[in-house]
Every structure is written in structure tokens, then in C-alpha cells.
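Working notes, beginning with the structure itself.
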There are 2 protein chains.
Amino acid sequence: MWRVPVLDVCYSVSAGLERYAAMTVISERIDRCRICAIRHQAVCGALSDHEIQALSAVARQRVLKAGDVIQNAEDEVSSFANIVSGVVKLSKVLSDGRQQIVGLQFPPDFLGRAYRTRSPFYAEAATDVELCVFPKRSFEALMADQPELESRLFQNTLDELDAARDWMLLLGRKSAAEKVASFLALIARRKAPALCEHMPADTLLTITLPLTRAEIADYLGLTIETVSRQIGNLRAADILETGANRTITVLDYDGLAEAAQL
Amino acid sequence: MWRVPVLDVCYSVSAGLERYAAMTVISERIDRCRICAIRHQAVCGALSDHEIQALSAVARQRVLKAGDVIQNAEDEVSSFANIVSGVVKLSKVLSDGRQQIVGLQFPPDFLGRAYRTRSPFYAEAATDVELCVFPKRSFEALMADQPELESRLFQNTLDELDAARDWMLLLGRKSAAEKVASFLALIARRKAPALCEHMPADTLLTITLPLTRAEIADYLGLTIETVSRQIGNLRAADILETGANRTITVLDYDGLAEAAQL
DNA sequence: CGTTATGTTGATAGCCGTCAACATACGTGG
DNA sequence: CCACGTATGTTGACGGCTATCAACATAACG
């Protein structure tokens, strides 16, 4: 009655990872962080040029394809990572297969948890993903004599906690229509925060959803059929248009926000 | 159609607080932390005897009655606190009055948030509550030269994040019966963790629920009627008995855990 | 003892889940 | 480039779970 979670996906990244490592020469490594796209937003922004070289030396790029597993629930976790590009979903599963996505992580979010050795959830690449992976030990050593780094991680965690609690309100108290509108508004804001603040009358905001209908349903506590119908309703209300390839075009962000009860 | 949140409760604590302060003499203050019941579990456990005296000097005891407001959403927050006794509920409210409890805090949990000046939710005493309140500044100063203190706070936040995500699974994917059983199991575990681990055949575990039916409903994303009916079902299944004064007696904890899909 | 808050129980309705059939997109191999 | 099979998405019919409305019971409190 419930879709069984795909827990048997192999760690198919290792091949691609080794290829990358083989191509990488030492000099590139040391400089990699300096030219990193998320250098200043990510937690590593707390580090000086000197420190970041130390981190750079032990960092590994890891390229994942949509659907690749990052960690299984209860896995021993021996590394931390920054999301450089793509979207990662964190989910929990009941013994009978019912599933709930408990977090969506975007760049430059941090993956992995200080003070814990086991992951409390299952993590998977929702889209193609680039990670910047650090060995847990090296990172913790750096954290020990760089309190600012721990502070950044702490603040990141506080943001996640706020997001989780906002989502609890959605899961517990919003209708299916409000849930779907809330999700679409969330993705739209990620894509173009400025546009959503004040959207000129005849602007088109086209976004590609990072999740399938099944994943949206698992994020919102709904079924795929209900998600599909609610998106249909929003289309009928001229709030958005749908295209191929998981793209939607938001015609009326204010209408969307209103439908979401934001 | 939805119960309107009680946001107009006055800060009726101040009277009680001032009375307490008047009774307190300096010598008591300095020693108060040393004899504190939650001294070693709370975040202050990170501090040396010397440091804790400094904290002790600026700490204030605050006694609240059930229903007293601790902070309104969007309030400027100028203090931190430890919960010494009682239960505090954190909740979020939609513009039309729909309400969701996003956190239940027990001793020795910490209230208040580093790196933020405004509360993202509404906090209220669910039962009579004793708080140990610190001015934000003093506490932050102590945090600045005691990294261990920040680490403790960080770990506390990580635990809250885990709890929030567990609750997301409940809100999004569990049935009403499972939700109510999960809540009762949660409270039972708080009250007597050891008993719940392994419960001898003819043991009675009696607990007083810290929440009214309306609050339980707001915690579980249900209505009061549904909560009442589900408790009735558990009684009919001989899993528990109900008494006056919000007490319930768990007859079969394993049955409760099973009904909760734990 | 009266009044109000809280909790219980029943009848009914509606939202959303379930089941089913179909449509479309995607990827692979010819 | 096209054919095929699979994954994903849509739409309809129906039913069940839980919200709603209502009446009543019990507890709490002055």
C-alpha cells in the first residue's frame, strides 16, 4: 500500500569520484577552495586563507547523480560535506514503508553532524549533486581551534531547526491545496528571491522542480494523486503553467503565496 | 472554525518574580547554582565552579503558572533560560488561528536562541514552570570565553532538530491512532524511561499529562474530538486506564509502542 | 452551589487516500 | 532516428478517515 523506499541503490559514485581524483593534481587542490562558488556563503567562509588551504588539502569533490544514496539511516558517518550544487533530500521511513522527507538541502548547506557518529535519517541526491567532502577528523580538528567554524555550523543548525518547525506547521495544519502552494512558493523563492519580493506585472518565473511528484508527496505528507490534482487546480486558477521536464512557470506569485497561507 | 490562540494573556509572572527576588539575599544567590537540581544535566554543566558563581550572580529564578506566556512570536528576546521544572510548549499560529505546537520542552532544556534577536514562535508554560533566567548579554559574554558552553548549546539544538524531524514523520505520515499512541508513549518515556525499557508484567505506570486535550490536538495536528476518541479506543483495548485530573495509567507499554508504530 | 472550562460521545459531511485506467516522458537498444 | 519498455504524471470513481457540528457529562474553581 505504500511505496517501498529504494534503499538498495549502490554507491555508484565511487567510480566517478576516483576518476576525478586521478585527474586532480596537488596544485589544483590547494587552490580549489579559493575559486569555489560557495566559498563565502558556506561554513568554510569562517576560515582564513591559510586555514582554508589546510582544509583544501583534505577536501574531495564528489559528483552524484539523481537518486544516488549519500547515507542510509543508522549508517556510521565518517565525513562532512558542503553542497556545491544540486539538491539533497533527507528522509525518514516507517517500518511499513511510509516515508517522510524531513529536510531539503540546497547549496551552500552543510551535510553531516558534529557530536554524532550515526545518521538519524536517509540522505539521497534529489538532482545531480556536487559535494565537497571533508574527512570528519580533519574537519573536527580544524573546528577545535577555530571556534568561529563551530559557530557557523551552529547557526546553520538553527536555520534548519527553524525550517523544520515551519514545516511542522504545514504538515499538521495546512490543507492539501495550501501544502502544494507552499512547496511551489518555497522553490520559487529559492530560485529567484528578488523576483518573489516584488514581481513586475508581466514577468515569467520559470523553474524546474527538483523533485518528482512522489517526492513532493513525501515532503508534504500527501499522495502523488493529490499533488497532481492540486497543481492542476493552480493551473486552472491561472496562478501557474506547467511545461515538460518538471518545469512550471509562475504567473502570479502573490496568488501563489496567498493560496499557501504564507 | 479554529480556536483563536490566547495571545492576550498578560505577563502575570512579574508579580511573582519580584516577590521572589525580594526574598532572595546575595549569599543565597551565589550558591544557588551549586545546589541546583539540574546543575549537571543542563548547559551550565559545562562551567567550572568559579564560572558558575559568575552566572549565579546574574541568574534570576522565575516562577510561572500554567498558561503564562513566556514570549510572543516576533518578540525581542533579551534573556535565556533553563527549565528547572515543568513543561513549556512552543507553538506557531496561522493567520486564521490554526495552531501547531512545534516543540515541548522539559527540564533541563534550554530556552532562547543564540544569534537571533527575535523569537520565531510563541512560548507558553504548559504546566506550572520554574525557570532560571539569565540576561542574554551576560550569558553571551560567558559563552565567548567558554567554547564548551557553546558546544553544549549546539548539542542541545541538534537534539531539538532530531526531535522536530521525528515529529515531522508523525505529522505527515501517521494515522490519528498512531499519533495519539506516540504522544502517550513519549510522555511515558519521559516519566519513567527505565520502566518503559522493560516493564514487569504487573506494573502500573501512572502519569499526569502535561497538556489539555486541545493542546494535545495542536501537538498532533488533530482535533480534540479525535484525540478523545483515540484515547477511548486505547482504553477499550486495555492498553491504558484513565483517571481524573489528566492522569492515565499505562497497563501495556509494549502494546502502546506497537500502536504508535515506534 | 453555580459557573465556566474541559472532556466525551454521536451523527453527518467532506477532504483526501485508494484503486484503476490512461497519457506522456524518458532511456535504451536496434 | 525510431521502436519499445519503463518510469512518471494525469484523471476519474469511490470509500474511509477525520473534521465538523451538536448535545451532554464531568471536573475545576470561586
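Residue numbers start from 1 in every chain, and the chains themselves are labelled A, B, ... in the order their sequence lines are given, proteins ahead of strands. Just the heavy atoms: all of them, side chains too, but no hydrogens, waters or symmetry mates, feed the values below.
B/I224 has its CD1 atom 13 Å from the P atom of C/dT9, to the nearest Å. The interatomic distance linking A/L220 (CG) with C/dC15 (P) rounds to 18 Å, in whole Å. Rounded to a whole Å, the CD1 atom of B/I248 is 13 Å from the P atom of C/dG7. To the nearest angstrom, P of D/dC17 lies 18 Å from NZ of B/K174. In this structure, B/R98 places its CZ atom 13 Å from P of C/dC15, rounding to the nearest Å. Rounded to an integer number of Å, the gap from CD1 of A/I216 to P of D/dT10 is 9 Å. Look at CZ on B/R213: it is 12 Å from P on C/dT6, rounded to the nearest Å. Atom-to-atom, CG of A/L222 to C1' of D/dT10 comes out at 16 Å; the value is rounded to the nearest Å.
The existence of a salt bridge linking B/E160 and A/R165 is confirmed by a sub-4.0 Å separation between a basic side-chain nitrogen and an acidic carboxylate oxygen. Between A/E76 and A/R118 there is a salt bridge, since at least one side-chain N of the basic residue sits less than 4.0 Å from a carboxylate O of the acidic one. Ion pair B/E215/B/K89 flagged as a salt bridge, since at least one NZ, NE, NH1 or NH2 atom sits closer than 4.0 Å to an Asp/Glu carboxylate oxygen.
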Open item on the list: Show, in sequence, the C-alpha distance, side-chain angles and deciding distance for B/R246 and B/T208, and conclude whether the side-chain hydrogen bond (donor to acceptor under 3.5 Å, both in side chains) test is met.
Closed with: CA-CA 6 Å; B/R246 260 168 236 173; B/T208 301; over 6 Å; no
Open item on the list: Could you go through A/R113 and B/D162, starting from their C-alpha distance and side-chain angles, then the distance that decides it, and tell me whether this counts as salt bridge (charged side-chain N to carboxylate O under 4.0 Å, His left out)?
Closed with: CA-CA 11 Å; A/R113 165 157 301 191; B/D162 282 342; 2.5 Å; yes
TODO: Apply the test salt bridge (charged side-chain N to carboxylate O under 4.0 Å, His left out) to residues B/D218 and A/R173: give CA-CA distance (whole Å), side-chain angles for both, the deciding distance (0.1 Å), then the verdict.
DONE: CA-CA 9 Å; B/D218 282 342; A/R173 290 307 189 192; 2.8 Å; yes
Open item on the list: Generate the contact string for nucleotides 22-30 of chain D. Rules: B means base contact, S means sugar-phosphate contact only, - means no protein heavy atom under 4.0 Å.
Closed with: ------S--
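Of all the residues in residues 226-235 of chain A, A/S228, A/R229 reach under 4.0 Å from DNA chain D with at least one non-hydrogen atom.
The shortest non-hydrogen separation linking B/L184 to B/I248 is CD2-CD1, 3.7 Å. The two residues B/F121 and B/S91 come nearest to each other via the heavy atoms CB-O, 3.3 Å.
At a threshold of 4.0 angstrom between heavy atoms, the contacts of A/G221 are confined to the sugar-phosphate backbone, with no base atom among them.
The nearest heavy atom of DNA chain C to A/K179 and to B/T242 marks one nucleotide each, and the one closer to the 5' end goes with B/T242.
When only modelled atom types and interatomic distance are considered, B/T206 and B/T249 share a side-chain donor-acceptor pair under 3.5 Å. Between the side chains of A/S228 and A/R213, not a single donor N or O lies within less than 3.5 Å of an accepting N or O. Between the side chains of A/S119 and A/Q71, at least one donor-acceptor pair of N or O atoms lies under 3.5 Å.
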All N/O contacts under 3.5 Å from nucleotides 3-5 of chain D to the protein, with atom names and distances to one decimal?
none

